[in-house]
2 protein chains.
Amino acid sequence: MRDIDIAEVAELSGVRASTLRFYEEKGLIASHGRRGLRRLFDPGVLDRLALIALGRASGFSLDEIARMFAPDGKPRIDRKMLAAKADDLDRTIRRLNAMRDGLRHAAVCPAPSHMECPTFRRLLRVAAAGKIGEPKKARTSRRKNA
Amino acid sequence: MRDIDIAEVAELSGVRASTLRFYEEKGLIASHGRRGLRRLFDPGVLDRLALIALGRASGFSLDEIARMFAPDGKPRIDRKMLAAKADDLDRTIRRLNAMRDGLRHAAVCPAPSHMECPTFRRLLRVAAAGKIGEPKKARTSRRKNA
DNA sequence: CCTTGACCTCAAGTTCACTTGAACTGGCAA
DNA sequence: TTGCCAGTTCAAGTGAACTTGAGGTCAAGG
């Protein structure tokens, strides 16, 4: 199996064809050639897509990711950036932990109104302390095709 | 201190006036009256805003949050929804943990290319396994006014 | 040979959560 | 009384990450 076409890449990676075209336009992936109009991809694109997924999942924007594997191609990743992002994730994780505990508690708390529950109020303080504007967007599965 | 105006709410909550108006329009908060054109808020709006921040930080959309405290007002929160969201967060946290470990490793890994590092490749598998399309958007502080 | 249908391009649309701009209002200090 | 300016409205803009739609192409199968 040498070159694979966009449908196959989509199939294997779970990334939609439209997204693949979009990524190519953004310079995140590259097609290796064409058969007629149709893009042909090197199977290595699958690793690349995994890397992109990793970046996204770690909170990098597509632009940041694009900057990661440089204009030339190979993933020349900035180790400082990685470490910084890991620290970021650590903070996020701590916040989410508090959040989860609070939610879990609120779900079983017998207080008539959550506002009267000290645990819930503490959670509120944590949320407020979290500088308020850092969503985390747990947008759970938005995929419609297989 | 009875009613407070929008600037004060903004000051106390850290939420911009434009955002407060936007939230009011969305039905997330309510102003209590006016002095001339100017909205007056009940201090309780601050709790409400904390609750909204909590919701956002836990991955609820504004619409979901709006649905939470019903048309009437008081936060009548669905405990099932909370528990489900807590489970969601748990999964997210587990994934972020793996991610952070992987990033941390990649940051110090001596392998010439990350693709040749078994740990990094394992991380890639985790990311790919993470169903790929769940960003988490770690948009770190975007706030410009105090 | 001719149809078919997957793939192509390019522009525009979508969603989310806000922000910004232009034009206006009105309470309050001087 | 006047004028300031923080506040108001409404519409439109922003940015990220895609998706959708219209109209076109072409390799392959019947």
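Sequence lines set the chain letters: A, B, ... in the order given, protein chains first and strands last, and positions in each chain run from 1.
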| said: If we ignore hydrogens and angles and just use 3.5 Å, is the side chain of A:Arg79 paired with the main-chain N or O of B:Ala106 as donor and acceptor? | reply: yes
| query | Just how far, in rounded Å, is C1' of C:dA17 from CZ of B:Arg56? | reply | 7 Å
| With sequence neighbours excluded, residues passing ring-ring contact (aromatic ring centres under 6.0 Å, His included) with B:Tyr23 | none
| request: Please tell me which of the listed nucleotides, C:dC18, D:dT20, C:dC28, lies nearest to the side chain of A:Arg16? | output: D:dT20
| message | Quick one about B:Asn97 and B:Arg100 (side-chain donor to acceptor, distance below 3.5 Å, no hydrogens or angles considered), yes or no? | response | yes
| said: Generate the contact string for nucleotides 7-12 of chain D. Rules: B means base contact, S means sugar-phosphate contact only, - means no protein heavy atom under 4.0 Å. | reply: SBB---
| For B:Leu20 and C:dA17, what is the distance between atoms CG and P respectively, to the nearest whole Å? | 16 Å
| field | Verdict with supporting geometry, A:Ile52 and A:Val15, side chain to side chain contact (heavy atoms under 4.5 Å, CB included) | value | CA-CA 11 Å; A:Ile52 293 170; A:Val15 176; over 6 Å; no
| Does B:Leu37 share a hydrophobic cluster with B:Ile4, counting links as ILVMFWY side-chain heavy atoms below 4.5 Å and allowing steps through other members? | no
| field | Spacing of B:Leu28 atom CG relative to C:dA17 atom C1', expressed in whole Å | value | 11 Å
| field | Position toward the 5' end of DNA chain C (nearest nucleotide), B:Leu62 or B:Arg35 | value | B:Leu62
| query | Does B:Tyr23 put a side-chain nitrogen or oxygen below 4.0 Å from OP1 or OP2 of C:dC18? | reply | yes
| message | Would you say A:Thr19 places a side-chain N or O within less than 4.0 Å of OP1 or OP2 belonging to D:dA17? | response | no
| Separation of B:Phe22 atom CZ from C:dT15 atom P, in whole Å? | 14 Å
| request: Decide salt bridge (charged side-chain N to carboxylate O under 4.0 Å, His left out) for A:Arg104 and A:Asp101; before the verdict, give the C-alpha distance in whole Å, the side-chain angles of both, and the deciding distance to 0.1 Å. | output: CA-CA 5 Å; A:Arg104 200 86 83 194; A:Asp101 292 345; 6.0 Å; no
